[in-house]
Amino acid sequence: MEKPSIPKGTRDFGPEKMARRNFIFDTIKETFQKYGFMPLETPAMENLSVLTGKYGNEGDQLLFKVLNSGDFLAKSTEENRKDYKSLLPDISEKGLRYDLTVPFARFVVMNRNDLVFPFKRYQIQPVWRADRPQKGRYREFYQCDADVVGTDSLLCEAENIFMICDVFKKLGIKKFSIRLNHRKILSGISEVADAPGKENALCIAIDKLDKIGEEKVYEELAVSGFSDKSIEKLRPLFQVQGNNDEKLSQISEFLGSSQQGKKGVDELKTILSLASVRPEAMKHIDIDLTLARGLGYYTGAIFEVKALEGSISSSISGGGRYDNLTGVFGLDGVSGVGFSFGVDRIYDVMEDLGIFPESALEGPKAMIAYFEDSFTDAFALLHDLRHAGISTEMYPEAAKMKKQLSYADKKQIPFVIMAGPGEFAQNVFGLKNMRAGSQDNLNKEELINRLKMQ
RNA sequence: GUGAUUGUAGCUCAGUAGGUUAGAGCGCCAGAUUGUGGCUCUGGAGGCCGCCGGUUCGAGUCCGGUCUUUCACCCCA
């Protein structure tokens, strides 16, 4: 006998975990819908032509490829078999989706004539990456994306911030910070540092600030080819402090005449002023010039969310604006803004804080415990209870009372209805509250009404 | 992709210097209690010691490989 196993970096989710995960998913879904987003699902597999080249060289390596069916090897040429890169197109033309954004862009392009723009969609599906697993990093994980495409309005950014606040409030995560920055400010910074073309290297280095410290960032910049002079010009950047308005005026000064930078600052000011209609949301927003976010396609405001309580410090949500999402698929000029919740990490944060509500358990409300002689009567009562909308089950066989109650206990079913022949004859049932250990005698109607109210 | 690390019962983990029959706690099953779960007591089941190969009279223990786990880097949610 071979011991069963699951692939590296994948997980099973048992009933308790699913109850908790569904609580998170449902909360996010409700919020997305409340803000007018419509659901979308795309296939697990995409054609490799859709996926490759969208995530950089690193990304292509992390794509799971799907082998063609049939005798694919026969179709390959001797020449191509020499190394795997040239062989690949012969043996694989499909891959598992790597994120939800690229399939979404593909969908928008394919359906551009039928969609109502601005188009708002949300999408909650698993994605796959052939990465090496680590703490909080899996080869299969869920993304919860919401994007709106076809408008430049900064209202969207403000709404994203509100959605984040709504979701975390509902989940019970009270202390979190939404770090906000702007890609054009970062461009402006690289202009000021006389290194206009090196924006990416600048972002990668700056993004590591809280992880490796200021001096190491300078070292990294030097390695990436920044001159000492450039680095020296960057120093004031790390001295920026104060509240959000103060930070923005300092960075405005730092950026001087940079047109790019000025536009970024102006946009952030607008977003802040829009967000100010909800003062409690403003408390979470934190302008942070060192926030870079890796994804290459962002061009406008970017933001990232971290929990400030508990021991999980990685980001639990994030997003930003992109000017040309669909350009690679031949549709230019579609601007959009989107963000995503990291469900796995939100789960970890909530577990760490012990804030999952008990109602997240998705078991039945009641169980009927009965005896051999009352099997048929119990089965009929079961139907009546379900018909009244009460989630109920009965133990499938007339086992010993101890066994039936123990089953209810383990499944954390809150109520057990004691229903033997005597009970049915007199229409008086024992309703046992498993939590309290107490028991009341009720007739069928009272029983149903009582359980409905619970 | 680079460098480490882990693997013993369903779970968490002991296992002395290589030496008969591999242990504990929790969980599971049964009974004490024939119509009442949790608590207690008694008993029981359950292990190719990750897998393959090597060293040895003898390997859970030492060596090599492989898979897996965890961690750092790269990158990322």
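In the text below, chain A, chain B and the rest are named by the order of the sequence lines, each starting its count at 1.
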- Query: Any donor and acceptor pair, going by atom type alone, linking the side chain of A/E309 with main-chain N or O of A/K175 inside 3.5 Å?
  - Reply: yes

- Over how many whole Å does the gap from A/D409 atom CG to B/rC39 atom C1' extend? 12 Å

- Message: If you only use heavy atoms from C-beta on, which nucleotide in B/rU69, B/rG35, B/rA77 is closest to the side chain of A/Y138?
- Response: B/rA77

- Message: What is the separation between atom CD on A/Q134 and atom P on B/rC75, rounded to the nearest whole Å?
- Response: 13 Å

- Item | Test side chain to side chain contact (heavy atoms under 4.5 Å, CB included) applied to A/Y122 and A/L40, step by step | CA-CA 6 Å; A/Y122 73 88; A/L40 173 72; over 6 Å; no

- Query: At under 4.0 Å, does any side-chain N or O of A/K411 touch on OP1 or OP2 of B/rG37?
  - Reply: no

- Item | d(CE, A/M394; P, B/rU36) in whole Å | 19 Å

- Item | Any donor-acceptor N/O pair under 3.5 Å between B/rG38 base and A/Q412 side chain | no

- When you get a sec, tell me which of B/rC76, B/rG35, B/rG1 is the closest nucleotide to the side chain of A/R132? B/rG1

- Message: If I pick the P atom on B/rG3 and the same atom on B/rA22, what distance separates them, to the nearest angstrom?
- Response: 39 Å

- Message: Using the C1' atom as the point on both nucleotides, what is the distance between B/rU2 and B/rC74, in whole Å?
- Response: 9 Å

- Query: Start at the 5' end of RNA chain B and walk down; is the nucleotide closest to A/P421 or to A/P7 reached first?
  - Reply: A/P421

- Rounded to the nearest angstrom, tell me the gap between atom CZ in A/R11 and atom P in B/rA77. 15 Å

- Item | Spacing of A/I206 atom CD1 relative to B/rC75 atom C1', expressed in whole Å | 18 Å

- Note on the structure: Testing B/rA77, B/rA32, B/rU68 for proximity to the side chain of A/K402, the answer is B/rA32

- Query: Quantified in whole Å, what is the C1' atom distance between nucleotide B/rG15 and nucleotide B/rG25?
  - Reply: 15 Å

- Item | d(CG, A/D60; P, B/rC74) in whole Å | 20 Å

- Message: Starting the side chain at C-beta, find the nucleotide from B/rU36, B/rA30, B/rU68 nearest to A/M401.
- Response: B/rU36

- Message: By the definition side chain to side chain donor-acceptor pair (under 3.5 Å), identify the one residue from A/D145, A/T101, A/D99 that meets it with A/S340.
- Response: A/D145

- Message: Suppose you measure atom P in B/rG37 against the same atom in B/rC51; what distance do you get, rounded to whole Å?
- Response: 42 Å

- Note on the structure: As its Watson-Crick or G-U partner within any shown strand, both distances under 3.5 Å, B/rG60 has none

- Task: Could you check whether A/Q439 gets within reach of a base, just the sugar-phosphate, or nothing at all, counting any heavy atom under 4.0 Å?
- Result: base

- Query: Within the structure, does a side-chain N or O atom of A/K400 lie under 4.0 Å from either OP1 or OP2 of B/rG31?
  - Reply: yes

- Message: Tell me if the side-chain of A/R435 makes a donor-acceptor pair with the base of B/rG38, cut-off 3.5 Å, by modelled atom types.
- Response: no

- Using the closest heavy atom to pick a nucleotide of RNA chain B for each, name whichever of A/Q143 or A/G422 lands nearer the 5' end. A/G422

- Task: Can you tell me, in whole Å, how much space there is between the P of B/rA59 and that of B/rG19?
- Result: 11 Å

- Starting at CZ of A/R129 and ending at C1' of B/rA77, how long is that distance when rounded to a whole Å? 6 Å

- Query: Which part of the nucleic acid does A/S5 contact within heavy-atom distance under 4.0 Å: base, sugar-phosphate only, or nothing?
  - Reply: nothing

- Nearest-Å distance once atom C1' is located in both B/rA17 and B/rA32: 47 Å

- Quick one: label A/E372 by what it contacts on the DNA or RNA (base, sugar-phosphate, nothing), any heavy atom closer than 4.0 Å. nothing

- Start with the C-alpha distance between A/R278 and A/D166, add both sets of side-chain angles, then the distance that settles salt bridge (Lys or Arg N to Asp or Glu O under 4.0 Å), and finish with yes or no. CA-CA 11 Å; A/R278 273 184 66 175; A/D166 286 359; 3.0 Å; yes

- Between A/F176, A/F162, A/F168, which is the residue that forms a ring-ring contact (aromatic ring centres under 6.0 Å, His included) with A/H284? A/F176

- Query: What about A/K8, does its side chain sit under 3.5 Å from the base of B/rU68 through a donor-acceptor pair?
  - Reply: no

- Message: Using ring pair (Phe, Tyr, Trp, His ring centres under 6.0 Å), reason through A/Y370 and A/F379 one step at a time and then give a plain yes or no.
- Response: CA-CA 10 Å; A/Y370 63 102; A/F379 197 46; 9.5 Å; no

- NA contact type, A/R139, heavy-atom cut-off 4.0 Å: base, sugar-phosphate, or nothing? nothing

- Query: Nearest heavy-atom pair of A/G338 and A/Y322: which atoms, and what distance?
  - Reply: N-CE2, 3.9 Å

- Are the ring of A/Y407 and the six-membered base ring of B/rG37 within the stacking cut-offs of under 5.5 Å and under 30°? no

- Query: Does A/K410 place a side-chain N or O at less than 4.0 Å from the phosphate oxygens OP1/OP2 of B/rC29?
  - Reply: yes

- Which nucleotide, B/rA30, B/rU69, B/rU36, lies nearest any side-chain atom of A/K403? B/rA30

- Tell me what A/G319 touches on the nucleic acid: a base, only sugar-phosphate, or nothing, going by heavy atoms under 4.0 Å. nothing

- Expressed as a whole number of Å, how far does the C1' atom of B/rC62 sit from that of B/rU55? 8 Å

- Task: Please state the P separation for the pair B/rA14 and B/rU6 - nearest whole angstrom.
- Result: 12 Å

- If we ignore angles and hydrogens, is there a donor and acceptor under 3.5 Å between the side chains of A/E304 and A/S317? no

- Query: Taking any strand in view, what nucleotide pairs with B/rG46 in a Watson-Crick or G-U wobble way, both distances under 3.5 Å?
  - Reply: none

- Quick one: label A/G437 by what it contacts on the DNA or RNA (base, sugar-phosphate, nothing), any heavy atom closer than 4.0 Å. base

- Presence of donor-acceptor pair under 3.5 Å, side chain of A/R137 and base of B/rC75: yes

- Item | Nearest-Å distance for atom pair CG/C1', residues A/L62 and B/rC76 | 9 Å

